[in-house]
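Read through the structure below, which is laid out as structure tokens, and then see the notes.
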Number of protein chains: 2
Amino acid sequence: MRARFTLADIQQHALAIVDRDGLAGLTMRSLAASLQTGAMTLYNYVDSREALEELVVDAVSALVEIPEPTDDWLADTRAVATALWRTFRAHPAAIPLVLTRRTSSRASLAPAEALAAALARGGMDGVDLFVAFRTVSAFVMGIAQNELAGPLSREDDATSAAQRVATLAPDALPTLTKIAPVGATFTGHEFERGLTIVLNGLVHTPRPPASTGQASGLS
Amino acid sequence: MRARFTLADIQQHALAIVDRDGLAGLTMRSLAASLQTGAMTLYNYVDSREALEELVVDAVSALVEIPEPTDDWLADTRAVATALWRTFRAHPAAIPLVLTRRTSSRASLAPAEALAAALARGGMDGVDLFVAFRTVSAFVMGIAQNELAGPLSREDDATSAAQRVATLAPDALPTLTKIAPVGATFTGHEFERGLTIVLNGLVHTPRPPASTGQASGLS
DNA sequence: ACCTGAACACCGTTCAAGT
DNA sequence: ACCTGAACACCGTTCAAGT
């Protein structure tokens with residue numbers, strides 16, 4: 001019998017379930033039901049639950065709208081990072097998978113390549129390029145983590161981060177207690193402003209002479 | 001009957017299991033066995049598996065050696081961030097939990113408070129302090145993510161990230177293909193150098209005038 | 001090659017009964 | 001209040017049989 005499904009079918013249904021019912025809602029059985037088959041059918045397409053989750057990460061990555069390169073590498077770097085962040089925000093229930101599952105599919109590496117390429121256009125290479133890539137990439141993933149489960153993340157229920165922190169130990173955590181209400185109010189711009197900080201750092205950090213075997217590039 | 005265990009007992013055994021057997025090795029039953037009881041006994045101390053995982057995150061957070069404040073806020077910021085990173089690296093199997101589980105215990109907030117306090121000593125407050133805190137925090141968590149599951153992370157088995165990337169699509173991913181071998185060689189210094197970039201960015205980024213209701217502080 | 005139901009091992013948790 | 005075994009619902013996956 002011919003293949004009834006494509007990998008894309010499976011990815012779409014799986015991501016839809018995660019978006020609708022959360023991560024816990026995605027099981028082999030629930031996905032199979034969504035595709036109107038038995039659970040075992042899925043194993044013709046996917047090795048394991050783990051592999052299925054990687055497929056979901058790929059599906060999310062494929063939704064990143066990678067911007068066309070311009071002649072402004074800094075703006076390009078910002079654009080790719082922003083595109084990633086926008087996609088993650090649109091699928092918050094999938095963020096734990098994005099943070100946690102390793103993929104090396106074309107789909108998931110395409111945004112990474114775009115980011116690295118933009119930085120390379122800035123004149124970096126070798127170790128410098130690697131460090132810059134890691135730094136920007138870490139910032140983007142870390143902001144996703146902060147949003148999801150960070151110390152001052154927003155709440156689902158009524159209790160704000162401010163209240164939670166204050167209730168816990170108002171005296172032991174004076175600075176957090178002071179910041180917490182800011183986090184609750186000032187929402188949605190941490191990413192842009194934080195990214196500006198990181199990119200400014202990139203521009204203002206002198207590149208040390210190559211210490212390993214790798215060339216440090218120009219500048 | 002008096003309580004046979006303390007929460008600290010449970011945390012220690014749970015973290016030990018995660019360190020030894022990985023995250024999948026930690027189950028209610030395996031933890032109970034480690035404590036020489038039945039699985040149900042654990043529910044006298046912990047509400048659910050989810051709560052147990054938060055307890056593991058607390059246990060890891062408690063291991064962070066928070067440095068004493070000095071008169072150099074930048075050095076202090078660096079020291080707290082480095083202490084966090086060192087602790088995460090020492091318990092790699094727990095990183096998925098650290099990235100994913102939300103805690104608001106004293107233990108987990110103490111390093112966050114130390115980080116925020118160091119930045120506050122740098123003269124930031126209000127929105128600026130919030131943004132700075134989020135940015136440094138995101139970088140630290142993101143580096144942990146990169147190490148664990150990022151695009152150029154190191155491998156358990158023989159196949160290097162370089163090979164993996166190259167095999168997949170050498171032409172479509174030229175920049176990553178070029179960087180990949182650097183990641184394999186240049187190991188352990190991305191954090192320091194990336195942190196320098198972020199901190200330089202902090203110092204070199206002008207603070208915009210307050211746009212929300214929050215005061216933007218001095219400078 | 002792909003499909004699929006039955007069955008198995010395992011896991012979190014409820015229940016009910018103990019002290 | 002804390003302990004605990006039996007039992008239940010659920011989940012990933014193996015097996016064996018089909019086309």
Side-chain angles (χ1 to χ4, degrees), chain A residues 1-59 93-94 96-98 100-103 149 156, chain B residues 1-59 93-94 96-98 100-103 149 156:
Chain A
M1 198 182 253
R2 290 292 312 289
R4 296 173 52 199
F5 308 109
T6 65
L7 236 42
D9 290 334
I10 293 177
Q11 286 178 308
Q12 277 170 30
H13 278 82
L15 181 55
I17 292 174
V18 171
D19 284 340
R20 185 174 5 98
D21 305 326
L23 212 47
L26 178 68
T27 68
M28 289 299 198
R29 284 169 172 88
S30 74
L31 176 56
S34 168
L35 290 163
Q36 315 222 50
T37 0
M40 285 312 105
T41 303
L42 295 174
Y43 286 88
N44 294 304
Y45 300 88
V46 155
D47 274 341
S48 63
R49 159 87 203 220
E50 187 91 352
L52 173 63
E53 293 183 341
E54 288 173 17
L55 232 46
V56 173
V57 176
D58 289 350
L97 296 184
V98 173
T100 275
R101 301 302 169 213
R102 169 179 295 172
T103 326
D156 333 283
Chain B
M1 197 180 252
R2 289 294 310 289
R4 297 173 51 199
F5 308 109
T6 65
L7 236 42
D9 289 333
I10 293 178
Q11 286 177 309
Q12 278 171 28
H13 278 82
L15 182 53
I17 292 174
V18 171
D19 284 340
R20 184 174 6 98
D21 305 325
L23 213 47
L26 178 68
T27 68
M28 289 301 198
R29 284 170 172 87
S30 74
L31 176 56
S34 168
L35 290 163
Q36 314 222 50
T37 0
M40 285 311 104
T41 302
L42 296 175
Y43 285 87
N44 294 305
Y45 300 88
V46 156
D47 273 340
S48 63
R49 159 88 204 220
E50 187 91 353
L52 172 63
E53 293 183 341
E54 289 174 18
L55 232 45
V56 173
V57 177
D58 289 349
L97 296 185
V98 173
T100 272
R101 300 303 170 213
R102 169 179 295 171
T103 327
D156 332 285

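So you know, we letter chains A, B, ... as the sequences are listed, proteins then strands, and number each from 1. The analysis underlying the following values was restricted to heavy atoms, covering all of them including side chains, and did not include hydrogens, waters or symmetry mates.
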For this session: List in chain and number order the residues that pass side-chain contact (heavy atoms from CB on, under 4.5 Å) with T100(B), two or more places apart in sequence or in another chain; answer none if no residue qualifies.
Result: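 For T100(B) the side-chain contact (heavy atoms from CB on, under 4.5 Å) partners, ignoring immediate neighbours, are P96(A), T100(A).
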Exercise. For A51(B), what residues pass the side-chain contact (heavy atoms from CB on, under 4.5 Å) criterion, not counting sequence neighbours?
Worked result: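 With sequence neighbours excluded, A51(B) shows a side-chain contact (heavy atoms from CB on, under 4.5 Å) to V46(B), D47(B), S48(B), given in chain and number order.
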For this session: Could I get the full list of salt bridge (charged side-chain N to carboxylate O under 4.0 Å, His left out) partners for E54(A), not counting sequence neighbours?
Result: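 With sequence neighbours excluded, E54(A) shows a salt bridge (charged side-chain N to carboxylate O under 4.0 Å, His left out) to no residue whatsoever.
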For this session: Check salt bridge (charged side-chain N to carboxylate O under 4.0 Å, His left out) between R49(B) and all other residues, then give those that pass, not counting sequence neighbours.
Result: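 Here the qualifying residues are E53(B).
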For this session: Quick one: which residue pairs count as a side-chain hydrogen bond (donor to acceptor under 3.5 Å, both in side chains) with a foot in residues 6-17 of chain B, not counting sequence neighbours?
Result: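 For residues 6-17 of chain B: T6(B)-D9(B).
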For this session: For DNA chain D, write out the stems as range with range, using runs of 3 or more consecutive Watson-Crick or G-U pairs with both distances under 3.5 Å.
Result: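 In DNA chain D, stems of three or more pairs: C:4-8 with D:12-16, C:12-16 with D:4-8.
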Seminar exercise, completed: In 5'-to-3' order, the base (B), backbone-only (S) or no-contact (-) status of each nucleotide in nucleotides 4-17 of chain C, using a 4.0 angstrom heavy-atom cut-off, is BBBB---BBBB---
Using residues 17-26 of chain A as the side-chain source, report each donor-acceptor pair under 3.5 Å to any protein atom, sequence neighbours left out, with the distance given to one decimal.
unit_1: D19(A); atom_1: OD1; unit_2: H91(A); atom_2: ND1; d: 3.0
unit_1: D19(A); atom_1: OD2; unit_2: H91(A); atom_2: ND1; d: 2.9

For this session: Could you name each residue pair satisfying salt bridge (charged side-chain N to carboxylate O under 4.0 Å, His left out) that touches residues 22-43 of chain B, not counting sequence neighbours?
Result: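 Every candidate salt bridge (charged side-chain N to carboxylate O under 4.0 Å, His left out) pair involving residues 22-43 of chain B fails, so no pair, neighbours aside, qualifies.
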